Amino acid sequence: MRLIVMFDLPVDTSEERRNYRKFRKELINEGFLMIQYSVYARVCVSKQSAKFTENRIRTFLPAKGLIQTLMVTEKQYNSMHFLIGDKKDDVRNTSDRTVVI
């Protein structure tokens, strides 16, 4: 299961830019990897784990902007088509699992 977070946050004022940086940093601390500007993905072991992570994201949402999440299976994620650009051969685009012991 992959949890994808897509966001469009305002960056007009210094406070909004600070909120943007804080939100992005929190996503990275939660284990998300950037797959495109303002699009981050994380591997979750189950749908329940993805929902838990989504609820954790709710705790550090900025006051303004648009933030959306999407849960997709590994099969759906791996059927993504690259129309232009080079595919990156890392955890973002494989079904490899990270095992923590």
Side-chain angles (χ1 to χ4, degrees):
M1 177 74 50
R2 298 269 178 144
L3 180 61
I4 300 172
V5 177
M6 303 162 283
F7 59 93
D8 186 14
L9 300 177
V11 289
D12 297 327
T13 67
S14 62
E15 182 180 353
E16 289 173 341
R17 286 189 294 276
R18 186 171 37 254
N19 289 338
Y20 169 86
R21 288 190 306 270
K22 182 181 175 193
F23 180 73
R24 184 181 174 280
K25 185 177 179 180
E26 290 288 344
L27 281 180
I28 292 168
N29 288 341
E30 287 292 325
F32 283 86
L33 296 171
M34 183 174 73
I35 57 174
Q36 217 171 272
Y37 291 119
S38 299
V39 180
Y40 286 71
R42 178 178 184 220
V43 175
C44 297
V45 295
S46 66
K47 189 170 186 175
Q48 182 180 4
S49 172
K51 287 181 181 182
F52 176 79
T53 303
E54 185 179 56
N55 287 333
R56 286 186 53 94
I57 292 170
R58 290 180 199 277
T59 65
F60 56 84
L61 293 175
K64 297 179 183 177
L66 174 66
I67 300 172
Q68 299 168 296
T69 62
L70 177 66
M71 292 179 203
V72 296
T73 64
E74 286 299 311
K75 185 175 180 179
Q76 291 167 330
Y77 188 84
N78 287 324
S79 67
M80 183 185 333
H81 299 277
F82 290 82
L83 301 180
I84 191 168
D86 296 325
K87 180 178 178 179
K88 295 182 181 182
D89 293 325
D90 59 13
V91 73
R92 287 171 252 209
N93 299 315
T94 66
S95 60
D96 294 344
R97 297 277 188 198
T98 302
V99 177
V100 180
I101 299 176

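Sequential numbering from 1 along the given sequence is applied to the chain's residues. The structure presented is a predicted model; accordingly, all values stated were derived computationally and were not measured.
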Mind checking ring pair (Phe, Tyr, Trp, His ring centres under 6.0 Å) for Phe23 and listing every partner two or more places apart, or none if nothing turns up? Phe7, Phe60
When rounded to the nearest 0.5 angstrom, what is the spacing between CD1 in Ile4 and CD in Gln68? 11.5 Å
Single-linkage hydrophobic cluster, 4.5 Å side-chain cutoff, Phe52 and Leu70 together: no
Among all residues two or more places apart in sequence or in another chain, which pass the side-chain contact (heavy atoms from CB on, under 4.5 Å) test with Ser46? Gln48, Ser49
CA sep, side-chain torsions, deciding dist, call: Leu9, Ile67, side-chain contact (heavy atoms from CB on, under 4.5 Å): CA-CA 8 Å; Leu9 300 177; Ile67 300 172; 4.0 Å; yes
Drop me the distance from Asn29's CG to Lys22's NZ, to the nearest 0.5 angstrom. 11.5 Å
Arg17: side chain to side chain donor-acceptor pair (under 3.5 Å) partners, not counting sequence neighbours: none
Strictly by salt bridge (charged side-chain N to carboxylate O under 4.0 Å, His left out), give each pair with a member in residues 30-40 just once, sequence neighbours left out. Glu30-Arg56
Set of residues satisfying side-chain contact (heavy atoms from CB on, under 4.5 Å) with respect to Lys47, sequence neighbours excluded: Met1, Lys51, Met71
With sequence neighbours left out, the residues meeting side chain to side chain donor-acceptor pair (under 3.5 Å) with Gln36 are none
OH-CZ distance between Tyr37 and Arg24, expressed to the nearest 0.5 angstrom: 9.5 Å
Please determine whether side-chain contact (heavy atoms from CB on, under 4.5 Å) holds for the pair Ile57 and Val5, giving the CA-CA distance in whole Å, both sets of side-chain angles, and the decisive distance to 0.1 Å. CA-CA 9 Å; Ile57 292 170; Val5 177; 3.7 Å; yes
Here the pair of heavy atoms bringing Leu3 nearest to Ala50 is CD2-O, 3.7 Å
Thr53 OG1 to Leu27 CG distance, which is reported to the nearest 0.5 Å: 11.0 Å
Taking salt bridge (charged side-chain N to carboxylate O under 4.0 Å, His left out) as the definition, give me every residue that meets it alongside Lys64, ordered by chain and number, with sequence neighbours left out. Glu16
Residues at least two apart in sequence or cross-chain that pass side chain to side chain donor-acceptor pair (under 3.5 Å) with Tyr20, listed by chain then number, are none
Evaluate whether atom CD of Gln76 has more than 12 neighbouring non-hydrogen atoms of other residues, nucleotides or ligands under 6.0 angstrom away. yes
With hydrophobic residues grouped by side-chain heavy-atom distances under 4.5 Å, do Val72 and Met80 end up in a single group? yes
Residue list, side chain to side chain donor-acceptor pair (under 3.5 Å) with Thr69, at least two apart or on another chain: Glu54
